[in-house]
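Below is one structure; the comments refer to it alone.
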Amino acid sequence: MNRLTATLLVSCPDRQGLVAKIANFIYANGGNIIHADQHTDFAAGLFLTRIEWQLEGFHLPRELIAPAFGAIAQPLEAQWQLHLSDTIPRLAIWVSRQEHCLFDLILRQQAKEYAAEIPLIISNHPDLEWVAKQFGIDYYYIPVNKDNKAAQEEKQLELLHQYDIDLIVLAKYMQILSPEFITRFPQAINIHHSFLPAFVGANPYQKAYERGVKIIGATAHYVTSELDAGPIIEQDVVRISHRDEVSDLIRKGKDLERVVLARAVRSHLQHRVLIYGNKTVVFE
């Protein structure tokens with residue numbers, strides 16, 4: 001059964017008694033913990049945890065949970081997030097011309113593999129508007145070049161505000177977001193092949209084929225102002241045979257990109273990712 005739950009994500013300087021202190025906050029208020037996980041990064045001196053509990057029978061009204069936990073978190077110097085399971089996030093998928101990740105995300109959402117709404121698709125090309133129409137999603141074609149980038153990003157930000165978007169998913173969107181844009185809307189996940197930095201520029205699959213690579217991969221990460229260097233959420237690889245042609249590498253690469261991006265988006269939406277520095281902890 002789907003029952004209303006609350007999830008806390010907490011990171012703070014490591015010290016004794018943190019698990020007990022956080023768990024006791026839930027126990028003392030009548031909560032039933034259903035998932036709990038934690039990790040200590042000894043090099044960073046940091047404790048990180050995800051804890052989820054049922055709200056049925058919880059003594060605190062939902063609007064008082066955050067201020068009540070805040071009083072506990074402050075002396076711990078904790079950074080924390082509270083998420084309630086009946087809050088459904090809204091995604092904007094950004095694409096260029098490739099449709100494989102777009103289709104995959106929409107079909108997984110339609111199949112209820114993750115709880116989210118997809119009201120908006122933005123693209124710098126008109127090619128995939130037919131996909132949006134097929135699923136009843138609003139599609140905006142916003143071409144971007146070096147001369148109009150700032151103005152077009154303002155249009156994009158207006159749409160994100162208009163549609164009340166919580167997360168951007170760059171599903172093979174072949175444009176770089178400016179640092180100014182990322183500062184104003186930092187919640188974005190990107191997917192790309194893992195040939196970097198060995199095979200940069202155009203035609204990386206051709207270059208990898210010519211080099212005789214034995215594995216290829218894909219990486220999903222949060223977007224930062226440093227290109228393709230944000231905190232990594234998910235990665236995977238697949239073996240390549242000497243019998244594989246360039247077309248096989250491209251097919252296998254697309255398969256990886258679908259799966260890796262889907263895992264990353266699901267982990268984010270289920271509040272399983274904690275960022276610290278340029279790293280992540282992804283709780284299973």
Side-chain angles (χ1 to χ4, degrees), residues 9 11 79-83 87-99 101-102 105 116-129 132 137-197 200-202 204 218-235 257 260-261 264-265 267-269 271 273-282:
L9 289 170
S11 63
Q79 297 183 20
W80 58 280
Q81 309 164 32
L82 174 69
H83 301 281
T87 301
I88 306 301
R90 293 167 63 82
L91 311 186
I93 303 179
W94 290 28
V95 293
S96 288
R97 288 193 169 104
Q98 299 181 51
E99 76 280 0
C101 287
L102 173 63
L105 289 168
E117 297 175 359
I118 305 175
L120 175 64
I121 297 172
I122 291 177
S123 179
N124 58 328
H125 294 280
D127 303 49
L128 298 179
E129 186 172 4
I137 302 172
D138 291 347
Y139 186 94
Y140 287 85
Y141 164 46
I142 303 178
V144 178
N145 58 52
K146 63 179 181 179
D147 298 319
N148 69 5
K149 188 177 184 69
Q152 298 298 67
E153 285 193 338
E154 284 297 328
K155 291 180 183 178
Q156 292 166 338
L157 287 164
E158 288 173 7
L159 286 170
L160 296 175
H161 177 74
Q162 176 185 334
Y163 282 82
D164 195 21
I165 297 300
D166 299 295
L167 176 70
I168 298 170
V169 182
L170 303 179
K172 305 300 291 183
Y173 180 69
M174 310 309 287
Q175 285 284 332
I176 298 171
L177 303 183
S178 71
E180 294 76 19
F181 181 98
I182 296 166
T183 298
R184 294 170 65 181
F185 199 100
Q187 291 291 298
I189 293 174
N190 187 32
I191 182 71
H192 60 75
H193 58 74
S194 291
F195 291 137
L196 301 174
V200 299
T219 294
H221 63 89
Y222 288 110
V223 178
T224 63
S225 57
E226 187 176 355
L227 181 62
D228 292 333
I232 293 170
I233 310 168
E234 182 63 56
Q235 292 179 300
E257 288 170 349
V260 169
L261 182 58
V265 169
S267 293
H268 177 91
L269 294 176
H271 315 297
V273 186
L274 262 172
I275 303 172
Y276 66 108
N278 202 43
K279 297 173 64 177
T280 62
V281 167
V282 183

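Computed from a prediction, not measured in an experiment: that's the story for all the values here.
- Side-chain contact between Gln175 and Lys149 is present, with heavy atoms from C-beta onward closer than 4.5 Å.
- Residues passing the salt bridge (Lys or Arg N to Asp or Glu O under 4.0 Å) test with Glu154, sequence neighbours excluded: Arg184.
- A side-chain donor-acceptor contact under 3.5 Å links Ser178 and Glu153.
- Taking the six-membered ring where the residue is Trp, His271 and His83 present parallel rings, their angle staying beneath 30° rather than reaching 60°.
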### Message
Apply side-chain contact (heavy atoms from CB on, under 4.5 Å) to residues Leu159 and Gln162 and explain how you reach the verdict.
### Response
CA-CA 5 Å; Leu159 286 170; Gln162 176 185 334; 3.8 Å; yes
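- Although no hydrogens or angles enter the test, the distance criterion places a donor-acceptor pair under 3.5 Å between the side chain of Thr224 and the main chain of Glu226.
- No side-chain heavy atom of Asn124 sits less than 4.5 Å from a side-chain heavy atom of Gln152.
- Side chains of Tyr163 and Pro119 form a contact here, defined as non-hydrogen atoms less than 4.5 Å apart.
- Enclosure of atom CD in Gln98 by more than 12 non-hydrogen atoms of other residues, nucleotides or ligands within 6.0 angstrom is indicated.
- When each of Phe181, Tyr139, Tyr141 is tested with Trp94 by the rule ring-ring contact (aromatic ring centres under 6.0 Å, His included), just one qualifies, namely Phe181.
- Annotation: salt bridge (charged side-chain N to carboxylate O under 4.0 Å, His left out) contacts involving residues 159-177, sequence neighbours excluded, comprise Lys172-Glu257.
- With rounding to the nearest 0.5 Å, the separation of OH in Tyr222 from CD1 in Ile275 is 5.0 Å.
- Side chains of Asn190 and Leu177 form no contact here, defined as non-hydrogen atoms less than 4.5 Å apart.
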